[in-house]
Peer 1: 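Below is the structure I would like to discuss, written out as structure tokens.
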Amino acid sequence: MTLQRITDYENLGIGLFIHWGLYSQLGMGEWTELLHKRDKKSYEKLKESFTAEEFNPKEIVNTAKKLGAKYIVLTTKHHEGFYLYDTKGLSNFDALHSPAKRDLIREFIEACNDAKIKPFLYVATYDWHSELYEKDFNKYLDYLQSSVEILCKNYGKIGGFWFDGNWNKKEADWHLNDLYGMIRHYQPNAIIINNTGLKNRGKVSNPEIDAVTYERGFPQKINHSGQKKYVAGEMSLTLNKHWGIALNDLDYKAPREIIESIAHARQVGANILINVGLTGTGKIPALCKNYLILIGKWTSMVGNVLYYGKIVDVKARHPKDFALKMNDSLYLFIFDLQIRGNENVVLGGEKSSTRIFDNINKKINKITWLDNNETLKFSQNISHQTLAVDASGFDYGTNWVVRVAKLT
């Protein structure tokens with residue numbers, strides 16, 4: 001059984017993941033409190049300098065749209081335990097008790113709704129701040145559920161909840177039926193995701209789970225067999241090696257890797273989250289913003305098939321190539337093409353690269369590139385269900401990394 005909310009979620013395709021918290025002021029990644037063995041009291045004084053003065057959710061949402069993201073996941077509380085919203089007296093370790101004095105999650109959700117982007121809320125279940133986590137776990141779970149209930153009841157329609165941290169107490173009873181049951185009561189159409197961690201990618205932890213995660217993983221197949229229903233899949237990746245901003249991490253991935261990762265996610269039918277860490281004051285770093293806009297040029301070129309294209313039983317003989325189907329058309333995603341030059345600038349794409357696809361049993365009349373509408377030569381053997389396409393190289397001055405051809 002496939003629920004409508006899960007179908008709608010799969011059609012979102014691409015999301016923007018945002019990590020932001022007290023740790024952002026230090027610029028050393030989201031786990032700096034634990035990994036750098038910082039004194040808890042000293043670390044938590046970062047609340048006193050948390051101003052959020054450059055947090056502009058409308059600007060962030062606009063950047064997400066340029067990326068091609070249809071949803072945004074924002075950390076409402078990371079493992080440090082600091083809330084970006086008004087906890088209504090549940091805790092004073094929140095943004096309302098900092099110099100920011102703002103309910104940043106409310107502003108975020110309103111900006112998403114105005115721009116017709118789905119707001120998803122990340123909630124860390126593993127908590128370094130609350131003493132209850134180690135001393136009285138059942139009371140901690142009540143505390144956790146109360147914090148989520150505030151989000152469910154006071155912020156209008158939520159696109160989804162993205163939980164992270166149950167992997168820290170693998171054998172514990174997390175009272176998930178109570179937590180998820182409460183969410184279903186107040187937010188029946190919200191997607192529920194619980195990150196299973198690096199060692200349990202793709203596993204369904206509860207019948208209410210709507211999507212399984214593959215954190216920094218690249219599955220060749222998604223486990224859709226949920227308890228009694230179809231579940232979606234979601235991959236996620238960082239632009240460098242950290243989720244939260246890390247000012248000294250210069251090891252940014254090539255745009256090629258990000259574009260190919262997005263394409264691969266859609267090849268296996270998974271959504272994908274592209275992560276950025278905000279600055280301590282709440283702004284997308286200029287480098288990351290420009291990076292997202294650059295990737296967005298590719299997603300804009302590919303268009304609707306990136307969101308609505310479905311897996312089809314077409315086999316490519318090139319190890320990376322694949323096909324998706326949307327409506328009555330097939331779309332070929334073709335990798336590793338070169339740029340066309342001349343005798344003075346030879347770049348490798350002067351001759352067509354023949355790509356062969358099997359299991360195509362309908363007559364093809366025309367094949368064109370999406371990026372420039374160039375018509376491609378091809379030959380087809382319907383009895384053998386094979387199609388050979390002369391995949392031309394990029395025009396000089398152009399390289400889309402992954403090129404897409406439409407078959408009609």
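Because the structure is a prediction, the values reported are computed rather than measured.
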Peer 1: Apply side-chain contact (heavy atoms from CB on, under 4.5 Å) to the pair Ile222 and Tyr214, showing each step before the final yes or no.
Peer 2: CA-CA 9 Å; Ile222 301 298; Tyr214 295 84; 3.6 Å; yes
Peer 1: Residues two or more places apart in sequence or in another chain: which of them pass ring pair (Phe, Tyr, Trp, His ring centres under 6.0 Å) with Tyr291?
Peer 2: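 Testing Tyr291 for ring pair (Phe, Tyr, Trp, His ring centres under 6.0 Å), a comparison that skips the adjacent residues, returns none.
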Peer 1: Between Arg266 (side chain) and Ile14 (backbone), is there a donor-acceptor pair under 3.5 Å?
Peer 2: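 Not confirmed, Arg266 side chain does not pair with Ile14 backbone.
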Peer 1: Using a 6.0 Å cut-off, check whether atom NZ of Lys40 has over 12 heavy atoms from anything other than its own residue.
Peer 2: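 Yes.
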Peer 1: Is there a ring-ring contact (aromatic ring centres under 6.0 Å, His included) between Tyr9 and Tyr71 once you walk through the steps?
Peer 2: CA-CA 9 Å; Tyr9 164 77; Tyr71 66 114; 5.7 Å; yes
Peer 1: Suppose we screen for ring pair (Phe, Tyr, Trp, His ring centres under 6.0 Å). Which residues come up paired with Tyr23, at least two apart in sequence or across chains?
Peer 2: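 Here the qualifying residues are His78.
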Peer 1: Restricting to pairs with a member in residues 396-408, which pass side chain to side chain donor-acceptor pair (under 3.5 Å), not counting sequence neighbours?
Peer 2: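 Only Asp371-Arg403 qualify under side chain to side chain donor-acceptor pair (under 3.5 Å).
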Peer 1: Less than 4.0 angstrom from a charged side-chain N to a carboxylate O is my criterion; do Glu208 and Arg184 meet it?
Peer 2: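 Salt bridge flag = yes for Arg184 with Glu208.
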Peer 1: Side chain of Thr75, backbone of Lys77: donor and acceptor closer than 3.5 Å?
Peer 2: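 It does not hold such a pair.
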Peer 1: Start with the C-alpha distance between Ile245 and Leu278, add both sets of side-chain angles, then the distance that settles side-chain contact (heavy atoms from CB on, under 4.5 Å), and finish with yes or no.
Peer 2: CA-CA 6 Å; Ile245 186 171; Leu278 301 188; over 6 Å; no
Peer 1: Kindly say whether Gly21 contributes a backbone atom to a donor-acceptor pair with the side chain of Ser24 at under 3.5 angstrom?
Peer 2: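 Present.
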Peer 1: Can any side-chain N or O of Thr76 pair as donor or acceptor with the backbone N or O of Tyr122 at less than 3.5 Å?
Peer 2: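 Flag set: sc Thr76 to bb Tyr122 pair under 3.5 Å.
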Peer 1: Taking side-chain hydrogen bond (donor to acceptor under 3.5 Å, both in side chains) as the definition, give me every residue that meets it alongside Gln25, ordered by chain and number, with sequence neighbours left out.
Peer 2: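 Residues passing side-chain hydrogen bond (donor to acceptor under 3.5 Å, both in side chains) with Gln25: Ser49.
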Peer 1: Using only heavy-atom distances, determine whether the side chains of Asn92 and His97 contain a donor-acceptor pair under 3.5 Å.
Peer 2: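 On atom types as modelled, these side chains do not qualify, holding no pair under 3.5 Å.
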Peer 1: For side chain to side chain donor-acceptor pair (under 3.5 Å), just list the numbers for Tyr230 and Glu10, CA-CA rounded to whole Å, side-chain angles, deciding distance to a tenth of an Å, and then say yes or no.
Peer 2: CA-CA 11 Å; Tyr230 173 99; Glu10 287 189 316; 2.7 Å; yes
Peer 1: Given Thr213, which partner from the list Asn195, Asp164, Asn194 fulfils the side-chain hydrogen bond (donor to acceptor under 3.5 Å, both in side chains) test?
Peer 2: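 With Thr213 as partner, Asn195, Asp164, Asn194 yield a single side-chain hydrogen bond (donor to acceptor under 3.5 Å, both in side chains), made by Asn195.
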Peer 1: Taking side chain to side chain contact (heavy atoms under 4.5 Å, CB included) as the test, write out the residues that go with Lys70, two or more places apart.
Peer 2: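 Partners of Lys70 by the side chain to side chain contact (heavy atoms under 4.5 Å, CB included) criterion, ordered by chain and then number, come out as Leu12, Tyr307.
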Peer 1: Assess the residue pair Val389 and Ile367 against the criterion (side-chain contact (heavy atoms from CB on, under 4.5 Å)); give the C-alpha distance rounded to whole Å, side-chain angles, the decisive distance to 0.1 Å, and a yes or no.
Peer 2: CA-CA 8 Å; Val389 181; Ile367 303 178; 3.8 Å; yes
Peer 1: For the pair Phe163 and Phe161, name the ring-plane relationship: parallel under 30°, tilted 30 to 60°, perpendicular over 60°.
Peer 2: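 The arrangement is parallel - the two ring planes meet at less than 30°.
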Peer 1: Any donor and acceptor pair, going by atom type alone, linking the side chain of Arg340 with main-chain N or O of Gly349 inside 3.5 Å?
Peer 2: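 It does not hold such a pair.
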Peer 1: Test salt bridge (charged side-chain N to carboxylate O under 4.0 Å, His left out) on Lys229 and Asp210 and set out the steps.
Peer 2: CA-CA 9 Å; Lys229 69 181 183 185; Asp210 294 315; 2.8 Å; yes
Peer 1: In this structure, are over 12 heavy atoms from other groups packed under 6.0 Å from Asn342 atom CG?
Peer 2: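 Yes - once you tally the heavy atoms of other residues, nucleotides and ligands closer than 6.0 Å, there are more than 12.
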Peer 1: Sequence neighbours left out, what passes side chain to side chain contact (heavy atoms under 4.5 Å, CB included) with Glu110? Give chain and number order.
Peer 2: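 Expected list: Arg106.
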Peer 1: Please give me the minimum heavy-atom distance between Leu294 and Pro255, naming the atom from each residue.
Peer 2: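 For Leu294 and Pro255, the tightest heavy-atom pair comes out as CD2-CG, 3.7 Å.
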Peer 1: Please confirm whether Lys169 makes a cation-pi placement over Tyr133, using NZ or CZ under 6.0 Å from the six-membered ring centre and within 45° of the ring normal.
Peer 2: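 Ring-cation test returns yes.
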Peer 1: Can you establish whether the number of heavy atoms outside Asn381 located under 6.0 Å from its atom CG is more than 12?
Peer 2: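 It does: Asn381 CG has more than 12 such atoms within range.
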Peer 1: Quick one: pull up CG in Asp390 and CG in Leu376 and give me the separation to the nearest 0.5 Å.
Peer 2: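 Reported value, rounded in 0.5 Å steps: 8.0 Å.
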Peer 1: Is it true that the side chains of Asp358 and Thr386 contain a donor and an acceptor less than 3.5 Å apart?
Peer 2: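 On atom types as modelled, these side chains do not qualify, holding no pair under 3.5 Å.
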Peer 1: Answer yes when Asp251 and Lys241 have at least one side-chain N-carboxylate O distance shorter than 4.0 Å, and no when they do not.
Peer 2: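 Yes.
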Peer 1: Excluding sequence neighbours, so at least two apart, what forms ring pair (Phe, Tyr, Trp, His ring centres under 6.0 Å) with Phe82?
Peer 2: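 Ring pair (Phe, Tyr, Trp, His ring centres under 6.0 Å) check on Phe82 returns Phe50, Phe93.
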Peer 1: Within a radius of less than 6.0 Å around NZ of Lys362, do more than 12 heavy atoms belonging to other residues, nucleotides or ligands occur?
Peer 2: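 No, because the 6.0 Å sphere around NZ of Lys362 holds 12 heavy atoms or fewer from other groups.
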Peer 1: Has the side chain of Glu149 got a donor or acceptor atom that lies under 3.5 Å from a matching backbone atom of Ile183?
Peer 2: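 No, because the side chain of Glu149 does not come within donor-acceptor range (under 3.5 Å) of the backbone of Ile183.
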Peer 1: Applying side chain to side chain contact (heavy atoms under 4.5 Å, CB included), can you list everything that pairs with Asp114, at least two apart in sequence or on another chain?
Peer 2: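 Scan of Asp114 (side chain to side chain contact (heavy atoms under 4.5 Å, CB included), adjacent residues dropped) gives none.
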Peer 1: Going by side chain to side chain donor-acceptor pair (under 3.5 Å), name the pairs with one or both residues in residues 292-304, residues two or more places apart or in two chains.
Peer 2: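 Residue pairs passing side chain to side chain donor-acceptor pair (under 3.5 Å), neighbours aside: none found.
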Peer 1: Could you list the residues that satisfy salt bridge (Lys or Arg N to Asp or Glu O under 4.0 Å) with Glu260, not counting sequence neighbours?
Peer 2: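 By the salt bridge (Lys or Arg N to Asp or Glu O under 4.0 Å) rule, Glu260 matches Arg256, Lys320.
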Peer 1: Trp128 and Trp31: aromatic ring centres closer than 6.0 Å?
Peer 2: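 Distance test on ring centres: under 6.0 Å, yes.
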Peer 1: Can you name the one residue among Ile109, Leu96, Asn154, Leu84 that meets side-chain contact (heavy atoms from CB on, under 4.5 Å) with Asp103?
Peer 2: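 With Asp103 as partner, Ile109, Leu96, Asn154, Leu84 yield a single side-chain contact (heavy atoms from CB on, under 4.5 Å), made by Leu96.
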Peer 1: Please assess Leu324 against Lys310 for the test side-chain contact (heavy atoms from CB on, under 4.5 Å), listing each intermediate value before the final yes or no.
Peer 2: CA-CA 5 Å; Leu324 294 178; Lys310 301 303 179 184; over 6 Å; no
Peer 1: Ala64: which residues meet the side chain to side chain contact (heavy atoms under 4.5 Å, CB included) condition with it, sequence neighbours left out?
Peer 2: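 Side chain to side chain contact (heavy atoms under 4.5 Å, CB included) list for Ala64, sorted by chain: Leu16, Ala69, Ile72, Ile117.
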Peer 1: Run the salt bridge (charged side-chain N to carboxylate O under 4.0 Å, His left out) test on Lys283 and Glu59 for me, step by step, so that the C-alpha distance in whole Å, both residues' side-chain angles and the decisive distance to 0.1 Å come before the verdict.
Peer 2: CA-CA 9 Å; Lys283 192 176 182 67; Glu59 181 180 332; 3.3 Å; yes
Peer 1: Mark yes when over 12 heavy atoms from residues, nucleotides or ligands other than Lys47 sit less than 6.0 Å from its NZ; otherwise mark no.
Peer 2: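 Yes, the 6.0 Å shell around NZ holds more than 12 heavy atoms from other groups.
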Peer 1: Is Glu234 close to Leu273 at the side-chain level, that is, under 4.5 Å between some pair of heavy atoms?
Peer 2: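 Side-chain contact under 4.5 Å: yes.
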Peer 1: Would the distance check show the side chain of Gln338 and the main-chain N or O of Gly348 forming a donor-acceptor pair, the cut-off being under 3.5 Å?
Peer 2: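 No: the side chain of Gln338 does not pair with the backbone of Gly348.
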Peer 1: Among all residues two or more places apart in sequence or in another chain, which pass the side-chain hydrogen bond (donor to acceptor under 3.5 Å, both in side chains) test with Ser353?
Peer 2: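 For Ser353, the residues satisfying side-chain hydrogen bond (donor to acceptor under 3.5 Å, both in side chains) (neighbours in sequence not counted) are Arg355.
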Peer 1: Is there a donor-acceptor pair closer than 3.5 Å between any side-chain N or O of Asn168 and the backbone N or O of Tyr126?
Peer 2: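 Judged by distance alone, no pair lies under 3.5 Å.
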Peer 1: Please report the closest heavy-atom contact between Met301 and Val402, naming both atoms and the distance.
Peer 2: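 Smallest interatomic distance, heavy atoms only, reads CE-O, 4.0 Å.
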Peer 1: Under the criterion side chain to side chain donor-acceptor pair (under 3.5 Å), I'd like the reasoning laid out for Trp369 against Ser392: C-alpha separation, chi angles, the key distance, then a yes or no.
Peer 2: CA-CA 9 Å; Trp369 289 127; Ser392 56; 2.9 Å; yes
Peer 1: Is the distance between the ring centroids of His79 and Trp243 under 6.0 Å?
Peer 2: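 When the ring centroids of Trp243 and His79 are compared, they turn out to be at least 6.0 Å apart.
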Peer 1: Between Phe137 and Trp174, is the gap from one ring center to the other below 6.0 Å?
Peer 2: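 Yes, close enough.
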